[in-house]
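Values below: all heavy atoms of this structure, side chains included; hydrogens, waters and symmetry mates excluded. One is the number of the first residue; the rest follow in order along the sequence.
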Amino acid sequence: MDGKHMQIGEVAARTELSLRTIRHYEETGLVIPSARSQGGFRLYTETDVARLMVIRRMKPLGFTLGQMRDLLDATDRLDADDAEDAANATGRLDADEREALLERVRTYRQAAAEQVEKLRVQLSRAEDFADTLSARLDRNAPATRV
C-alpha cells in the first residue's frame with residue numbers, strides 16, 4: 001500500500017472526475033478502491049489516483065472502456081512483473097508473454113498518437129473558424145465616435 005488513504009471526494013477533486021464517474025469506473029472494474037473505511041466509505045491511494053488519471057487521459061482520445069481495461073491489464077501485469085523481478089531477481093513472465101504485453105502497449109501508444117494528431121487538426125480548424133468570426137465582427141462592427 002502506498003500510505004495515505006483518500007475518500008472519493010478528495011480523489012474526485014484531484015482527478016477532476018465526478019463522483020458518479022469514479023463509481024462507474026469501479027462498477028466496470030477499471031479501478032477498485034484500495035480499502036474501505038469502517039463506515040464503508042471507499043478509500044483510495046496515490047496508485048488509484050494515478051490509475052484514474054490514465055483513464056481520464058484515454059477518454060478524450062476515444063478509447064472504449066474495454067480498451068482501457070485491456071491497456072490497464074497489460075500495464076498492471078508488466079508492473080507486477082517488474083516488481084517481482086526487482087524483489088527476487090526473477091520475473092514471473094516469460095520472454096514471449098512480456099513481449100506480447102509490450103506489443104499491446106505499443107499498439108495503444110500508436111493509437112493514442114494517431115488520435116492526438118486528429119485532435120490537432122480539429123483544433124487548428126476550430127481556431128481558424130474562431131479567427132474568421134472575429135475578423136468578420138471586426139469588419140462589420142460600427143465605428144465608435146469620439
Using the test salt bridge (Lys or Arg N to Asp or Glu O under 4.0 Å), find all partners of [X] that sit at least two apart in sequence or belong to another chain.
X: Glu117; value: Arg120
X: Glu114; value: none
X: Glu99; value: Arg106
X: Arg77; value: none

Shortest non-hydrogen contact from [X] to [Y]?
X: Asp94; Y: Glu97; value: OD1-N, 2.7 Å
X: Ala12; Y: Leu17; value: CB-O, 3.1 Å
X: Ser34; Y: Thr45; value: OG-OG1, 3.4 Å

>> Please determine whether a side-chain nitrogen of the Lys or Arg among Arg14 and Glu46 lies less than 4.0 Å from a carboxylate oxygen of the Asp or Glu.
In response: yes
If you look only at distance, which donor and acceptor atoms sit under 3.5 Å apart when one is on a side chain in residues 58-73 and the other is two or more places apart or in another chain?
from	atom 1	to	atom 2	distance (Å)
Thr64	OG1	Gly66	N	3.4
Thr64	OG1	Gln67	N	3.0
Thr64	OG1	Gln67	OE1	3.4
Gln67	OE1	Thr64	N	2.8
Arg69	NE	Thr28	O	3.3
Arg69	NH2	Thr28	O	2.8
Asp70	OD1	Arg104	NE	3.3
Asp70	OD1	Arg104	NH2	2.6
Asp70	OD2	Tyr108	OH	2.7
Asp73	OD2	Arg104	NH2	3.1

> Checking side chain to side chain contact (heavy atoms under 4.5 Å, CB included) for the pair Arg42/Glu26: CA distance, chi angles, key distance, verdict?
Replying inline: CA-CA 10 Å; Arg42 295 165 175 87; Glu26 178 185 356; 2.4 Å; yes
>> Restricting to ring-ring contact (aromatic ring centres under 6.0 Å, His included), what partner residues turn up for Tyr25, sequence neighbours left out?
In response: none
>> Checking the side chain of Arg56 only, and the main-chain atoms of Thr15 only, is there a donor and an acceptor separated by less than 3.5 Å?
In response: yes
> Short question: side chain of Asp48, backbone of Pro33 - any donor-acceptor pair under 3.5 Å?
Replying inline: no
>> Could you walk me through whether Arg51 and Leu30 satisfy the side chain to side chain contact (heavy atoms under 4.5 Å, CB included) test, starting with their C-alpha distance in whole Å, then the side-chain angles of each, then the deciding distance to 0.1 Å, before giving a yes or no?
In response: CA-CA 8 Å; Arg51 186 177 185 89; Leu30 287 175; 5.5 Å; no
